[in-house]
2 protein chains.
Amino acid sequence: MYGTVCYYMLHEIAGKITEGCDIMNIQFKKGVLELCALALLAKKNRYGYELVNEISRSISISEGTIYPLLRRLKNDGYVTTYLQESKEGAPRKYYQLTESGKEMERQLKEEWLNFVKQVNSFLKGGAKDE
Amino acid sequence: MYGTVCYYMLHEIAGKITEGCDIMNIQFKKGVLELCALALLAKKNRYGYELVNEISRSISISEGTIYPLLRRLKNDGYVTTYLQESKEGAPRKYYQLTESGKEMERQLKEEWLNFVKQVNSFLKGGAKDE
DNA sequence: ATTTAGTATCTTGCAATGTATGGTACTGTA
DNA sequence: TACAGTACCATACATTGCAAGATACTAAAT
């Protein structure tokens, strides 16, 4: 019951940053967060709380989203984890991409860029009228 | 029981087009399809089956996705509908954007472009390391 | 005439996944 | 010892795309 207040602060801050994008961001996010997490882990090993903070700078997310996601990634063999003590709080669980995780990251990135291209084609020219 | 075979053909074709993008497209799609539908309707009125065909040229979707979506759009007041007979089959239900639908389309488009920018920043530079 | 194929719409139950909510636990400071 | 900050986790829920299957009309082939 102690850190509860701080917990909510994080959520509030995350919400403020992406203010005005709330109508459907919730839906846009589906699936893309996995790519974001993999992309960040491709740069260096990180712990869960760190990922929440990094990602929530740009995209409003909460911890209840990241931790289950990371568990999925581990179950699927895309990451391994190791614990490391911290001077400022509970021990941190670091996540490290496996080879298959790196491969997944490349593949998802490619698909994402492709997908965006397709969607944008609808937004711009739209499908030609016959 | 008559047109069932043809029904499945459409699905097969749609599947083939986006072959190789199946790992997570399902997730990428969430929410974006609504934007695609609105964007296509912003160009001209269309009927449901037409939308399925247009969209499935680029993104693999099925009818079970579009019709419920269109019902949602109607319930939320973003489109109105009118029936029109056809020489080649069942009568078509056309969908027409309302003013609030047009506004929604503009807003979603803007959010989408913004969202893509944020995600791409993770993929490229990634968040700076402190 | 009956079958088959094409066009068109709709419904139900399922699966995936982000969210809200709330809990645990460790450290350092007042 | 109370509190704030850091860090992790679990459960119940809502949203939404999908699979599967039903219905109905038209037109061409048999």
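What's counted below: heavy atoms across the whole structure, side chains too, no hydrogens, waters or symmetry copies. To find a chain, count down the sequence lines: A is the first, B the second, and so on, and within it residues start at 1.
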ask   = Given C/dT27, is OP1 or OP2 found less than 4.0 Å from the side-chain N or O atoms of A/R92?
value = no
key: Side chain of A/S86 - closest among D/dC18, C/dA8, D/dA7   = D/dA7
ask   = Are the charged groups of A/K29 and A/E34 less than 4.0 angstrom apart, N to O?
value = no
ask   = Between D/dC18 and B/K29, is there an OP1 or OP2 to side-chain N/O distance shorter than 4.0 Å?
value = yes
task = Mind calculating the distance between NZ (A/K93) and C1' (C/dC26) to the nearest angstrom?
result = 16 Å
Interatomic distance where CD belongs to A/E50 and C1' belongs to D/dG5 [whole Å] = 16 Å
ask   = For the pair made of CD in A/E34 and P in C/dA16, what is the distance, rounded to whole Å?
value = 13 Å
remark   = Closest to the 5' end of DNA chain C, once B/G89 and B/Y95 are matched to their nearest nucleotides, is B/G89
key: Between C/dA8 (P) and B/I55 (CD1): distance, integer Å   = 15 Å
task = Can you figure out which of C/dA16, C/dT19, D/dA7 approaches the side chain of A/S62 most closely?
result = C/dT19
request  = May I ask you to decide if the ring planes of B/Y94 and B/Y82 are parallel, tilted or perpendicular, using 30° and 60° as cut-offs?
outcome  = parallel
ask   = If only side-chain N and O atoms of A/R72 are considered, is one of them under 4.0 Å from the OP1 or OP2 phosphate oxygen of C/dA15?
value = no
Phosphate OP1/OP2 of D/dC18: any B/T65 side-chain N/O under 4.0 Å = yes
query = Would you say B/K87 reaches C/dT7's phosphate, i.e. side-chain N/O to OP1/OP2 under 4.0 Å?
reply = no
note = A/F28 CZ to C/dT19 P, in whole Å, measures 14 Å
task = Round to the nearest Å and state the distance from B/L69 atom CG to C/dT9 atom P.
result = 14 Å
task = Could you check how far CD1 of A/I66 sits from P of C/dA20, rounded to whole Å?
result = 14 Å
query = Going by an N to O cut-off under 4.0 Å, is there a salt bridge joining A/K44 and A/E50?
reply = yes
query = Where each residue is assigned the nucleotide of DNA chain C containing its nearest heavy atom, which of B/Y47 and B/R71 is assigned the position nearer the 5′ end?
reply = B/Y47
N or O in side chain of A/Y67 less than 4.0 angstrom from D/dA10 OP1/OP2 = no
request  = Identify whether the distance between the nearest side-chain nitrogen and carboxylate oxygen of B/R106 and B/E103 falls below 4.0 Å.
outcome  = yes
key: Flag side-chain contact, heavy atom, 4.5 Å: A/Y67 against A/E63   = yes
request  = Measure from CD on B/E63 to C1' on D/dG21 and round the result to the nearest Å.
outcome  = 12 Å
inquiry  = Regarding C/dC26, can its base be found pairing with the side chain of A/E88 as donor and acceptor, where the two atoms are less than 3.5 Å apart?
reply    = no
